Protein chains: 2
Amino acid sequence: MTLEIPEVVINRLPVYARALAALALDGETVVSSQTLGERLDVTPAQIRKDLSYFGRFGKQGRGYNVLGLLAKLREILGLDRKWRVCLVGLGRLGQAIAEYGGFEPQGFQIVAIFDSDPASVGKLVNAVHVHDSAELDSFLRQNPVDIGIVAVPAHAAQQVVDRLVNAGIRAILNYAPMTPHVARDVAVRNIDPVLAMQSMTFYIKKAEPSGK
Amino acid sequence: MTLEIPEVVINRLPVYARALAALALDGETVVSSQTLGERLDVTPAQIRKDLSYFGRFGKQGRGYNVLGLLAKLREILGLDRKWRVCLVGLGRLGQAIAEYGGFEPQGFQIVAIFDSDPASVGKLVNAVHVHDSAELDSFLRQNPVDIGIVAVPAHAAQQVVDRLVNAGIRAILNYAPMTPHVARDVAVRNIDPVLAMQSMTFYIKKAEPSGK
DNA sequence: GTCGCTCCGTTACGGATTTCACAAAGGTGA
DNA sequence: TCACCTTTGTGAAATCCGTAACGGAGCGAC
């Protein structure tokens, strides 16, 4: 019935939404797929096709109402509500994530932090309580959480992922440098700047001698 | 002649390399596409196909020599040398990046940091000197840098990207929440955990009422 | 040496995704 | 109202990518 929507399309929608929010701040009220596409390095046809999976949001001859389309996208993506997030791992990376101010304003609220280091347990980080990792399962049973952020060393990550999934979490943002194994109905996104770097070097290695 | 290699393939190679390095640490000397594929949630055929773009590295009936293939991949990707990186932006995020220990061991050496806040300029962060952003262009003219990391606010990011590209940098790791505009021969990778979150919510919004 | 099993490299196929191109619709101005 | 310009939504075509399948090579056992 609901014709399957390609994941690549879903991944682009937040990019569109972000651009629309920026346009709205600039005071733009209407935007065409052409203009939006130039801003995002995407072809106008792709934008129109992506949107057409979900409905007809534009006006021929005019374009899209910026705020209207933004609201639609937010609704489609489920961004019209708050999401409860937990963070596992409070090493260097975990601390940076805990103190990162970018999630909260977008509706992603870190409601609990877990770490296995007794020195951290009990502290407050960015006004969030740090629990012992051992309590992860019991905590999640009592406090529903939607999304888990994994920021533990690679060797511990699969176990953490398993525990999150077993506790019912179906979305995981993974910062550990490994590929987590999860059931098909669990969404995973990996953040790994090193991998990103390592794929770019392929393209610049050819011509760039850089230093002697 | 050198038959164009799809970017998706290039993006997977570092993942393979990472897995091979892990296998090597486990003492494995040989691995089949089957085994590697299970570890990475990739079909064996895809691994073989990807590798076949670059040569014949396996032995029929045996598989791939772990260290041998790893060395090959590192060579293909240009990871068999050090890369000089500069970081622009020393806010919260920039500081976390500067202190992140994951780049150095992979051969990505941050050789300079730039920030526009006079309070930061002149400091040492993780043993790297912090320069005034105004010096960016002159610094790069004298000290070749291969890769730029952008960690400035979105509204300043395009300008920073332009300056980096004008200075000859052809690879950019962008942490700013915007889509940079660059010439076709410049590689860009965007790191945006919020976008990652926002695409996952689409999949979990349906069935998960979470809190009442 | 032969059998049997494993597993690579490659080609062919099919599915997924992107791009093209056009009919139809909204808007403007005379 | 009509002519003209813009831009959408969408089927069809083209391209890109992943998977299946298979011939043949390596290895071990007997």
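Note on naming: letters A, B, ... go to the chains in the order of the sequence lines (proteins, then strands), and numbering restarts at 1 for each one. The structure presented is a predicted model; accordingly, all values stated were derived computationally and were not measured.
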Presence of salt bridge, [Y] and [X], under 4.0 angstrom:
{"X": "Asp192(B)", "Y": "Arg18(A)", "value": "yes"}
{"X": "Asp146(A)", "Y": "Arg84(A)", "value": "no"}
{"X": "Arg74(B)", "Y": "Asp80(B)", "value": "no"}

Residue list, side chain to side chain donor-acceptor pair (under 3.5 Å) with [X], at least two apart or on another chain:
{"X": "Asn174(B)", "value": "Asn190(B)"}
{"X": "Ser33(B)", "value": "Arg48(B)"}
{"X": "Glu75(B)", "value": "none"}
{"X": "Asn126(B)", "value": "none"}

Distances under 3.5 Å between protein N/O atoms and the N/O atoms of nucleotides 17-21 of chain C, please, pair by pair.
from, atom 1, to, atom 2, distance (Å)
dT18(C), OP1, Arg12(A), NH1, 2.9
dT18(C), OP2, Arg12(A), NH2, 2.9
dT18(C), O5', Gln46(A), NE2, 3.1
dT19(C), OP2, Thr43(A), OG1, 3.1
dA21(C), N6, Arg48(A), NH2, 3.3

### Message
Suppose the criterion is side chain to side chain donor-acceptor pair (under 3.5 Å): which pairs have a residue in residues 96-113 of chain A, not counting sequence neighbours?
### Response
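Applying side chain to side chain donor-acceptor pair (under 3.5 Å) to every pair that reaches into residues 96-113 of chain A, excluding sequence neighbours, yields Gln106(A)-Gln198(B).
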### Message
Going by side chain to side chain donor-acceptor pair (under 3.5 Å), name the pairs with one or both residues in residues 149-165 of chain B, residues two or more places apart or in two chains.
### Response
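The answer is Asp137(B)-Arg163(B), Gln158(B)-Asp162(B).
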### Message
Expected output is a numbered-order residue list: members of residues 30-37 of chain A with a heavy atom under 4.0 Å from any atom of DNA chain D. What is it?
### Response
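Heavy-atom cutoff 4.0 Å gives Ser32(A), Ser33(A).
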Show the atom names and distances, to 0.1 Å, of all donor-acceptor pairs under 3.5 Å that link a side chain in residues 37-44 of chain B to residues at least two apart or in another chain.
from, atom 1, to, atom 2, distance (Å)
Glu38(B), OE2, Gln34(B), NE2, 2.8
Asp41(B), OD2, His181(A), ND1, 3.2
Thr43(B), OG1, Gln46(B), N, 3.3

### Message
Contact between Ile172(B) and Val161(B) at the side-chain level, heavy atoms closer than 4.5 Å - yes or no?
### Response
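Side chain of Ile172(B) against side chain of Val161(B), heavy atoms only: contact under 4.5 Å found.
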Taking only nitrogen or oxygen atoms into account, show me every contact under 3.5 Å that the protein makes with nucleotides 26-30 of chain C, one pair per line with its distance.
from, atom 1, to, atom 2, distance (Å)
dG26(C), O4', Gln60(A), O, 2.9

### Query
Using a heavy-atom cut-off of 4.0 Å to chain A, what are the terminal contacting nucleotides of DNA chain D, in 5' to 3' order?
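Extent of the interface on DNA chain D: dT6(D) to dA12(D).
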### Task
Nearest whole angstrom, please: distance from the P of dC8(C) to the CG of Leu51(B).
9 Å
Tell me which donor-acceptor pairs under 3.5 Å the side chains of residues 60-71 of chain A have, and how far apart each pair is, sequence neighbours excluded?
from, atom 1, to, atom 2, distance (Å)
Asn65(A), OD1, Leu67(A), N, 3.1
Asn65(A), OD1, Gly68(A), N, 2.7

